[in-house]
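Report on the structure given below.
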Amino acid sequence: MGQFFRRSHNLPLQVAAVCYRVQGGSPQFLLVNSNGGNKWTFPKGNPEQRFSHSEAAKQEALEEAGAVGKIESQHFHLYIHSKGIFWEPAGVREFVVKAFLLEVLQLTEPHESRRNPTWFSAEDAKKMLAKGREVKYKREMELVVDRALERISTAAPNK
């Protein structure tokens with residue numbers, strides 16, 4: 001595990017807002033279409049110098065999903081994400097992503113069109129996040145949902 005973190009520090013960093021709400025006692029996750037529109041993902045992007053990493057993730061949630069809410073100041077998980085297609089000239093690029101939990105309190109119109117923000121149960125979110133991804137990245141996304149569920153369940157009694 002230590003080797004993973006040393007290696008990941010050489011990768012470019014992105015930040016993600018893992019947007020959720022609790023409906024009928026069950027967490028749901030807000031996913032958006034990737035820029036290409038063929039995959040589902042969490043709102044994410046590059047950190048901006050004018051924001052902390054959590055504030056940058058919160059901004060991505062607003063821009064891509066129209067999500068407004070409370071974000072945790074510390075990331076709850078790191079995961080590896082890929083962009084690109086191996087047979088294209090640029091190939092596949094990997095990123096390490098800091099995942100921040102954001103409880104959605106309100107939805108507005110997303111700034112970015114064609115993102116199609118949609119709510120999914122935890123199990124459906126895992127299925128949607130897995131579609132079109134290699135096994136390695138599919139597992140990364142499943143783990144993000146599992147870690148988020150753990151975090152949400154430990155935070156629930158404090159509300």
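Fair warning: this is a prediction, and the values are worked out from it, not measured in the lab.
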Can you tell me how far [atom2] of [Y] sits from [atom1] of [X], rounded to the nearest 0.5 angstrom?
X	Y	atom1	atom2	result
Tyr20	Leu101	OH	CG	5.0 Å
Thr108	His111	OG1	NE2	6.0 Å
Leu30	Leu107	CG	CG	6.0 Å
Gln28	Leu31	CD	CG	11.0 Å
Cys19	Trp119	SG	CH2	6.5 Å
Ser113	Glu64	OG	CD	11.5 Å

*Ion pair present between Lys44 and Glu60, side-chain N to carboxylate O less than 4.0 angstrom?*
no

* Do the charged groups of Lys58 and Glu55 touch, with an N to O distance under 4.0 Å? -> no

Item to complete: Could you please spell out the steps behind the side chain to side chain contact (heavy atoms under 4.5 Å, CB included) verdict for Glu150 and Thr154?
Response: CA-CA 6 Å; Glu150 290 170 8; Thr154 60; 5.6 Å; no

Going by chain and number, the hydrophobic cluster around Val68 (ILVMFWY, side chain to side chain under 4.5 Å) further includes Leu62

For a salt bridge (Lys or Arg N to Asp or Glu O under 4.0 Å) check, start with the C-alpha distance between Lys138 and Glu134, then their side-chain angles and the critical distance, and finish with the verdict. CA-CA 6 Å; Lys138 171 185 169 274; Glu134 294 178 34; over 6 Å; no

Are any non-hydrogen side-chain atoms of [X] and [Y] less than 4.5 angstrom apart?
X	Y	value
Glu94	His81	no
Leu102	Lys70	no
Ile152	Phe29	yes
Glu72	Glu103	no

TODO: Kindly check if the number of other-residue, nucleotide or ligand heavy atoms within 6.0 Å of CD (Gln23) is above 12?
DONE: yes

### Task
Evaluate the ring planes of His77 and Tyr79, with Trp represented by its six-membered ring, and classify them as parallel (under 30°), tilted (30 to 60°) or perpendicular (over 60°).
parallel

Aromatic rings Phe100 and His75: how do their planes relate, parallel, tilted or perpendicular, breaks at 30° and 60°? perpendicular

TODO: Please check if the side chain of Glu140 supplies one atom and the backbone of Ile80 the other of a donor-acceptor pair under 3.5 Å.
DONE: yes

For residues 124-132, dump all side-chain donor-acceptor pairs below 3.5 Å to protein atoms at least two apart in sequence or in another chain.
residue, atom, partner, partner atom, Å
Asp124, OD2, Ser121, OG, 3.4
Lys126, NZ, Asp146, OD1, 2.5

